[in-house]
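The first residue of the sequence shown is numbered 1, and numbering continues consecutively from there. Basis for what follows: all heavy atoms, side chains included, without hydrogens, waters or symmetry-related copies.
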Amino acid sequence: MNIVDDLYVKFMLSGNNYMNMVKPCWKPSVEGDVRKTGDQSGRTDGLLWYKDLGSHVSGEFSMAVIQANNLLEDQSQVESGPLSSMNSGPYGTFIGVYDGHGGPETSRFVNENLFPNLKKFASEDQEMSASVIKRAFLATEEEFLSVVKEQWRICPQIASVGTCCLVGVISNGLVYVANAGDSRVVLGRAERGVRGVSAIQLSTEHNASFASVRDELRSLHPDDPKIVVLKHNVWRVKGIIQVSRSIGDAYLKKSEFNREPLLAKFRVGPFSKQILIPEPSIFIHKLNPRDQFLIFASDGLWEHLSNEEAVDIVHSYPRSGIARRLVKTALQIAAKKREMRYSDLKKIDRGVRRHFHDDITVVVMFLDPPLTNRGPVRSLPFSIKGGQGLPRTNRS
């Protein structure tokens, strides 16, 4: 039995979630991983996955994912019901959008482990708080880095895989928004005496294209003149990556993973202070009856739609299928930018499709005012993960 077979048996016997994470390093390619079908888990149409309308404890939601990469790097989930393992603990809805880069492994791992970690810390504190959410982020990061350490010699590319991480928690009349990376959540609010709704961004983005992010990086790394580099008119951290915060990306977190056998293009030399950080920016918003809905989306949507355009679409059309409509609108704009028809763009297969647009995930959470005023109704727990049934090709 060689070392790969030995590790495979070890993880199979352990029965933990790490198995889903590490097996792509040695398992053969698998097409069409369709685990659940039917409306309860959403529907697929080619490279599109969607759940047109569902219910959460504070209203309804709509969800859609379009795949562009050969391996779907966007992962997402909605968890509605208990937010801890205690009957008397917090109750509400958890939303997660995880925009992976370098591969799907980190985003898949976060999709399986972040919410259980949040429930664990909420149970310990017997409440929901910014501290609970931050600890869940950091615990998930540490667990993933442990996987990287286990797999370093066999599958060194795992050190170069990471994910942006956008989380929302709706509980007890509050919305907690935690973000590490450049995904975004926008609130649609009805304004008195004005038709339509206004767009209010609730998340802080960590992308080197923002001067404030470059300033933060320079202040954290005063002795490194190349902490941010302008390459081909795009600002990048160490000339490699645009985001300054993430889960994963071990090669920019710990110097031990920034050497051979990692590919040379990722190696920046020894460093004593981590370059990217996993800590999220956290914002707490108190809901009021004029708050209509929240749009959570990976940056693939915001590349083509402004906050105001997205909010106007959600306000102007029926709830059912609204996430799918946002995705379609973004794709129509992407096609127009390349002077092609939307119908022709839809014919382009995954992988090649990435030259035209990114993976896009959209979750629209409607906030029903009566529920906002009197607190959530104790309904049956509900759980859904975006993209189930889309083509998945694992690394060989």
**Report entry** Atom of Gly248, atom of Glu141 and distance for their closest heavy-atom approach
**Finding:** N-OE1, 3.0 Å
Donor-acceptor pairs under 3.5 angstrom involving side-chain atoms of residues 196-203: please list them, not counting sequence neighbours.
from, atom 1, to, atom 2, distance (Å)
Ser198, OG, Arg189, O, 3.3
Ser198, OG, Glu191, OE2, 2.7
Gln201, OE1, Asn307, ND2, 3.0
Gln201, NE2, Ser203, O, 3.0
Gln201, NE2, Glu205, OE2, 3.0
Ser203, OG, Val185, N, 3.1

Query - For Val65 against Ser76, the heavy-atom pair lying closest together - result: CG2-OG, 4.1 Å
Report task. Taking atom OH of Tyr317 as the centre, report whether more than 12 heavy atoms of other residues, nucleotides or ligands fall under 6.0 Å from it. Result -> no
Requested in this report: Work out which heavy atom in Met365 is nearest to a heavy atom in Thr93; give both atom names and the distance.
Outcome: CE-CG2, 3.7 Å
Query - Side-chain touch Pro278/Phe137, heavy atoms, less than 4.5 angstrom - result: no
Report task. Report the residue from Thr361, Asp52, Val364, Val363 that forms a side chain to side chain contact (heavy atoms under 4.5 Å, CB included) with Met63. Result -> Val363
Query raised in the report: Trp302 versus Ile295: any side-chain heavy-atom pair under 4.5 Å?
Result: yes
**Report entry** Phe296 six-ring centre to Arg184 NZ/CZ under 6.0 Å and within 45° of normal
**Finding:** no
Query raised in the report: Phe382 and Phe61: aromatic ring centres closer than 6.0 Å?
Result: yes
Query raised in the report: Side-chain contact, heavy-atom cut-off 4.5 Å: Ile227 with Lys238?
Result: yes
Requested in this report: Under the side-chain hydrogen bond (donor to acceptor under 3.5 Å, both in side chains) rule, collect the residues that match up with Ser281, sequence neighbours excluded.
Outcome: His206
**Report entry** Closest heavy-atom pair and its distance - Asn258, Leu252
**Finding:** ND2-CD2, 4.4 Å
Requested in this report: Provide the closest heavy-atom pair for Thr204 versus Asn179 in the form atom of the first, atom of the second, distance.
Outcome: O-ND2, 2.9 Å
Going by atom type alone, with no hydrogens or angles, which donor-acceptor pairs under 3.5 Å involve a side-chain atom of residues 259-277 and a protein atom two or more places apart or on another chain?
from, atom 1, to, atom 2, distance (Å)
Arg259, NE, Glu256, O, 3.0
Arg267, NH1, Leu262, O, 2.3
Lys273, NZ, Leu220, O, 2.9

Query raised in the report: Is the Phe257 to Tyr251 ring centre distance short of 6.0 Å?
Result: no
Query raised in the report: Tyr50 ring centre to Arg43 NZ or CZ under 6.0 Å, with the angle to the axis within 45°?
Result: no
**Report entry** Single-linkage hydrophobic cluster, 4.5 Å side-chain cutoff, Leu83 and Val177 together
**Finding:** no
Query raised in the report: Is Asp368 paired with Arg319 through a side-chain N to carboxylate O contact shorter than 4.0 Å?
Result: yes
Query raised in the report: Should the pair Asp358-Arg354 be classified as a salt bridge under the 4.0 Å nitrogen-to-oxygen rule?
Result: yes
Query raised in the report: What's the spacing between Phe366 CZ and Leu294 CG if we round to 0.5 Å?
Result: 10.5 Å
Report task. List for me each residue that meets salt bridge (Lys or Arg N to Asp or Glu O under 4.0 Å) alongside Lys119, sequence neighbours excluded, and say none if there are none. Result -> none
Query raised in the report: Are Asp99 and Asp359 side-chain neighbours, meaning at least one heavy-atom pair lies under 4.5 Å?
Result: no
Query - Set of residues satisfying salt bridge (Lys or Arg N to Asp or Glu O under 4.0 Å) with respect to Arg135, sequence neighbours excluded - result: Glu124, Asp125
Report task. Decide whether Val167 and Phe115 are clustered together by the hydrophobic rule: side chain heavy atoms of Ile, Leu, Val, Met, Phe, Trp, Tyr closer than 4.5 Å, transitively. Result -> yes
Query - Lys337 atom NZ: more than 12 heavy-atom contacts under 6.0 Å - result: yes
Report summary line: Contacts of Lys226 meeting salt bridge (Lys or Arg N to Asp or Glu O under 4.0 Å) (sequence neighbours excluded), chain-then-number -> none
Query raised in the report: Do Asn111 and Lys385 come within less than 4.5 Å of each other through their side chains, counting heavy atoms only?
Result: yes
Report task. Give, for atom CD of Glu112 and atom OH of Tyr98, the distance between the pair rounded to the nearest 0.5 Å. Result -> 10.0 Å
